[in-house]
Structures are given as structure tokens and as C-alpha cells.
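The block underneath contains the structure these notes are about, expressed in C-alpha cells.
Small disclaimer: the values here were computed from a predicted structure and weren't measured.
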Amino acid sequence: MTEPVEGQVAGPAGRPGEISGENRDDVLEGPRLLQLEANLSAVRRRIDAAVAAAGRQSTPPRLIVVTKFHPAQDVRRLASLGVTDVGENRDQEAAGKAAQLEDLGLNWHFIGQLQSNKAKSVVRYAGAVHSVDRAGLATALAKAMAVESDRTGRPPLECFIQVSLEDDAGVHRGGAAPDDVPALAEQLAGAAGLRLAGVMAVAPLGADPAAAFEKLAGISGRLSEQFPEAAGISAGMSQDLEQAIRFGATHLRIGSDILGPRPGLR
């Protein structure tokens with residue numbers, strides 16, 4: 001299941017993430033930068049503590065800062081603080097930010113539910129898609145990558161299989177049923193331009209995240225037996241990163257604890 005999608009929030013000039021009224025020097029100073037620095041440091045301390053508790057000092061997870069609905073100025077501020085991986089869940093917003101911030105050399109991760117007709121757009125900026133949950137989307141991404149690879153020579157697109165950990169098998173917010181993972185993995189592994197990276201999931205609302213991530217770890221283990229290179233586990237958000245790290249998360253998707261409330265909710 002992907003993170004819930006809410007209504008689009010426009011940037012200060014009326015377009016998502018648009019930089020207006022501040023030049024780059026202005027962005028890299030002031031109270032907002034200090035706030036982000038403090039929040040980022042607090043999250044990194046939590047991660048370090050969880051890594052130590054799990055005995056994973058040699059294999060710490062990768063931090064992806066989810067900046068959806070926050071302006072491009074904040075992404076530039078985060079980059080100045082050492083953030084290299086950014087997550088988005090809406091193609092229109094992500095494409096705009098990636099174009100504006102091309103000079104930063106960031107790694108863009110698409111983490112939301114993705115319509116097949118957006119594949120051509122996503123492969124132009126994303127290094128990874130964490131929400132591949134059906135054969136049709138895998139096919140669309142492979143076709144889009146064939147064109148984009150010829151055009152730019154870009155590297156393969158990392159693909160995580162999104163797994164539903166609820167009984168509804170993703171009816172509400174996406175995600176393949178666990179039993180469908182092997183066939184989808186075969187398709188991704190055999191597609192030129194795509195690289196099967198692992199699995200992704202969100203702990204179900206109201207459920208014990210530790211139990212959910214333990215289940216995901218089991219699914220990952222079975223996948224890795226067949227595809228050793230697909231050992232990635234994209235799991236853990238602000239409220240449950242410790243449990244995700246305990247059960248082997250290699251990629252964390254953290255938003256609100258770093259950026260604060262979304263602009264439209266303040």
C-alpha cells in the first residue's frame with residue numbers, strides 16, 4: 001500500500017514546488033533551514049539508535065526524504081544538508097521539482113500509486129519506482145525505458161514490488177498479493193531496462209508494524225532465494241522506522257518528521 005494521496009497543494013507561485021520570490025542564496029539560510037536541519041538530525045539519531053539496536057552498523061538503511069506537497073525550496077535546503085535521495089508520489093509534482101532542481105544531482109524515488117500512462121514521464125527523472133504492483137505497469141515501464149535508454153543512455157530503472165500486507169490485497173491503496181510476487185518478479189527480472197530491486201510495503205493502519213514488517217521480511221527472503229540481487233526492502237516511515245530497521249529495511253521513506261505538516265494542513 002502506498003502512502004495516502006491527498007489533494008494537490010500548489011507552491012507559492014501557483015504551481016507545485018515552484019521557486020518564486022527567493023533566490024538560491026536566500027533559500028540556504030533562515031529559520032526554515034534551521035528547522036529542517038534540527039528535524040533531520042533528530043531522525044538520523046533515531047535511525048542510528050535503531051541500527052545499533054538491531055546490530056546493523058555494517059548495513060545501515062538508505063534514507064529517502066519524502067517531500068510531497070512541500071516546495072522545491074525545501075528540497076534545495078535538504079540537499080544542502082546532505083540529503084541525496086528524495087521521494088515523491090505524484091508524477092506532475094515530481095517531474096516539476098526534478099526539472100527545477102536538476103543541478104543538484106538528486107536520486108528521485110517514485111513511491112506512490114502509478115498509472116501506466118505516466119510511465120513515460122516517470123522514467124525521465126526517477127532512478128527507482130517503489131510501487132510496481134501489477135504486470136501492466138511493469139510492461140509500461142519496460143516500454144518507456146526502451147525509449148528513454150535509447151534517447152539518453154540512462155541506467156536501468158530500479159523496481160520494487162509493492163506488496164499488500166492486508167487481506168484485501170491492495171484493493172484500497174495498491175499492492176500485489178504476496179502470492180503474486182513471484183510472477184511479477186520474473187517479469188521485472190526479465191525486462192530490459194528494469195532492475196528488480198526488492199519489495200516495498202506500508203504497515204496496515206491499526207496493525208502492529210513489527211508483525212507487518214516481519215511478514216515482509218519473509219516475503220523478501222523467499223524472493224532473494226530466487227533473485228539474490230533483489231534483496232532490497234523499502235519499508236518504514238516516520239511512525240515505524242525502528243520496527244522496519246529491526247526487520248531488515250534497506251530503504252526508509254521519511255516525510256513528516258523531517259518536513260513537518262504538509263503546507264495545506266498547517
Return the [atom1] to [atom2] distance between [X] and [Y], rounded to the nearest 0.5 Å.
X	Y	atom1	atom2	answer
Leu184	Gln162	CG	CD	10.5 Å
Leu106	Asp85	CG	CG	8.5 Å
Ser80	Leu33	OG	CG	5.0 Å
Thr250	Met200	OG1	CE	12.0 Å
Glu37	Leu81	CD	CG	5.5 Å
Ile233	Ser220	CD1	OG	3.5 Å

Between [X] (side chain) and [Y] (backbone), is there a donor-acceptor pair under 3.5 Å?
X	Y	answer
Lys97	Thr67	yes
Arg76	Val27	no
Glu148	Lys120	no
Ser224	Gly221	no

Whether over 12 other heavy atoms sit under 6.0 Å from [X] [atom1]:
X	atom1	value
Gln115	CD	no
Glu102	CD	no
Arg134	CZ	yes

Going only through I, L, V, M, F, W and Y residues with side-chain contacts under 4.5 Å, is there a path from [X] to [Y]?
X	Y	result
Ile64	Phe110	no
Val122	Val75	yes
Ile219	Phe227	yes

I need the minimum non-hydrogen distance between [X] and [Y], along with the two atoms involved.
X	Y	result
Ala138	Leu188	CB-CD2, 3.7 Å
Pro178	Val163	CG-CG1, 4.1 Å
Gly260	His70	O-NE2, 3.6 Å
Phe213	Phe247	O-CB, 3.7 Å
Ala201	Leu165	CB-CD1, 3.7 Å
Ser131	Gly112	OG-O, 2.5 Å

Decide yes or no for [X] and [Y]: does some side-chain heavy atom of the first lie under 4.5 Å from some side-chain heavy atom of the second?
X	Y	value
Arg56	Ile245	yes
Arg44	Leu40	yes
Leu36	Arg32	yes
Ile258	Val83	no
Arg154	Met145	yes
Leu101	Trp108	yes
Pro156	Leu194	no
His251	Pro61	no

Have [X] and [Y] got a donor and an acceptor in their side chains that come within less than 3.5 Å?
X	Y	value
Ser234	Arg253	yes
Glu186	Gln226	yes
Gln92	Ser121	no

**Request:** Using the side-chain contact (heavy atoms from CB on, under 4.5 Å) rule, take Val123 and Val129 through it: C-alpha gap first, then chi angles, then the decisive distance, then the call.
**Result:** CA-CA 9 Å; Val123 302; Val129 173; over 6 Å; no
Does a side-chain N-to-carboxylate-O contact under 4.0 Å join [X] and [Y]?
X	Y	value
Asp48	Arg45	no
Glu158	Arg195	yes
Glu225	Arg222	no

**Request:** Could you check Thr59 against Val51 for side-chain contact (heavy atoms from CB on, under 4.5 Å), going step by step and ending with a plain yes or no?
**Result:** CA-CA 8 Å; Thr59 59; Val51 165; over 6 Å; no
**Message:** For Asn39 and Asp257: C-alpha separation, side-chain torsions, deciding distance, then whether side-chain contact (heavy atoms from CB on, under 4.5 Å) applies.
**Reply:** CA-CA 7 Å; Asn39 292 350; Asp257 275 11; over 6 Å; no
**Worked check of salt bridge (charged side-chain N to carboxylate O under 4.0 Å, His left out) between Glu93 and Lys68** = CA-CA 8 Å; Glu93 181 178 359; Lys68 60 185 180 182; over 6 Å; no
**Request:** Please state whether the rings of Phe160 and His130 are parallel, tilted or perpendicular, taking 30° and 60° as the class boundaries.
**Result:** parallel
**Message:** His109 vs Arg62, test: side-chain contact (heavy atoms from CB on, under 4.5 Å). Steps then yes/no.
**Reply:** CA-CA 12 Å; His109 300 253; Arg62 188 170 176 178; 4.3 Å; yes
